[in-house]
Amino acid sequence: MSESLVLSQREGAVQRITLNRPEALNSFNGDLHRALLATLEAAAADASVRAVVLTGAGRAFSAGQDLNDPLVKPAPAGQPPRDMSEVLLRHYRPLMQRLQSLPVPVVAAVNGVAAGAAVSIALGCDLVVAGRSASFLQAFSRIGLVPDSGGTWLLPRLVGRARALGLAMLGDKLPAAEAERMGMIWKCVDDDALMAEAMALAARLAGMPTRALVATRRAIDASQALDLDGAVQMEARLQAELGASHDYLEGVAAFAAKRAPNFTDR
Ligand code: LHQ
């Protein structure tokens, strides 16, 4: 496995992670999956990392699954079909779980096209910022597949059933500005401002109460399967946990003293 398939740079409390297979539009093969997961694990384990930015090298964020990978190449005629669930369960599921349970907020900086599973990966981050020339492509229907890696869960929640079906069935490229307009992403910015915007957002999140931010993600994701009363109860449990934290004491003390808080929990 080549280390350089993923670049990992530290800026203050922000870990910037770059998919680095630009010659294949950062499409995912097994090695890239292993490198990305290991890098995310390292960020999760490092208590001094308080936010992550995920981006791609070159002109794409990622073209999704590498269709040249033997794991997904259709089997030759006469041979049993390839079991596509293998690569999804072996690689994409742990990646989506790792993102959704990362102990710090994660910002996707979508620098170019995101296609197929890479859309799910980007949308699985907490905040998605995209350059104006970036686009989102539900490439699955073009090759006879369904949205995967959480696409069927994320898409309708972000844009509603009608748009989710339109995007997934038609498989048209959605420009970043339209993705912003329909509420699929947080923000579309000029290409040359993308990295500065994403890093500034991540730095801002890094200065905030990390445990509260991560509990907010957990609560918002879990609320999808709850009724209102269930959500109120879950919030009460989380508030009980957070109310016992240093950051809560610090937040209230800073408010009372009219000073900036210094949040340190993670
Ligand atoms: C690629 C790829 C690619 C290999 C561009 N693979 N080479 C999970 C597991 C189980 C089953 C399968 O599904 C999944 C999840 C998925 O992600 S499925 C969806 C897989 N992705 C796609 O279907 C996207 C395919 N790519 C495209 O539609 C276009 O390449 C995009 C829109 C990404 C970019 O278009 P262009 O900017 O016009 O670039 P291009 O098409 O000329 O691509 C540049 C090169 O990259 C080209 O190679 P070449 O040797 O001709 O320069 C492409 O073949 C290669 N490439 N995507 N996913």
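Note that ligands are numbered from 1 as they come in the structure, with each ligand's atoms numbered from 1 the same way. Residue numbers count from 1 along this sequence.
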Heavy-atom pairs closer than 4.0 Å: do any link ligand 1 to the side chain of [X], the backbone, both, or neither?
{"X": "L67", "result": "both"}
{"X": "Y92", "result": "side chain"}
{"X": "V87", "result": "side chain"}

Side-chain H-bond candidate by donor/acceptor type, S101 with R218, under 3.5 Å: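 No.
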
Would Q65 count as being in polar contact with ligand 1, using the rule that some N or O on each side must be under 3.5 angstrom apart?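 N/O-N/O distance under 3.5 Å: yes.
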
Using heavy-atom distances, let me know which of [options] sits nearest [atom].
{"atom": "atom 21 (N) of ligand 1", "options": "A63, A24, G116, A115", "value": "A63"}
{"atom": "atom 39 (O) of ligand 1", "options": "R59, M84, H91, E23", "value": "R59"}
{"atom": "atom 17 (O) of ligand 1", "options": "A117, A118, P22", "value": "A117"}

4.0 Å protein heavy-atom contact status of [atom], strictly under:
{"atom": "atom 10 (C) of ligand 1", "result": "yes"}
{"atom": "atom 4 (C) of ligand 1", "result": "yes"}
{"atom": "atom 47 (C) of ligand 1", "result": "no"}

Does the pair R132/E180 count as a salt bridge with the N-to-O cut at 4.0 Å?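 Salt bridge absent between R132 and E180.
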
Carboxylate-amine/guanidinium contact R21 D31, below 4.0 Å: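 Judged by the 4.0 Å cut-off on N to carboxylate O distance, R21 and D31 do not form a salt bridge.
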
Sidechain-backbone polar pair: R266 side chain, R211 backbone, donor-acceptor under 3.5 Å: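 No, the answer is negative, given that no donor and acceptor are paired below the 3.5 Å cut-off.
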
Taking side chain as C-beta onward, heavy atoms only, is L127 less than 4.5 Å from L205?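 SC-SC contact between L127 and L205 confirmed.
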
For a 4.5 angstrom cut-off between non-hydrogen side-chain atoms, does D66 reach F28?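 Not in contact.
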
Going hydrophobic residue to hydrophobic residue with side-chain gaps under 4.5 angstrom, can you get from I121 over to W153?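 They do share one cluster, since a chain of ILVMFWY contacts under 4.5 Å joins I121 to W153.
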
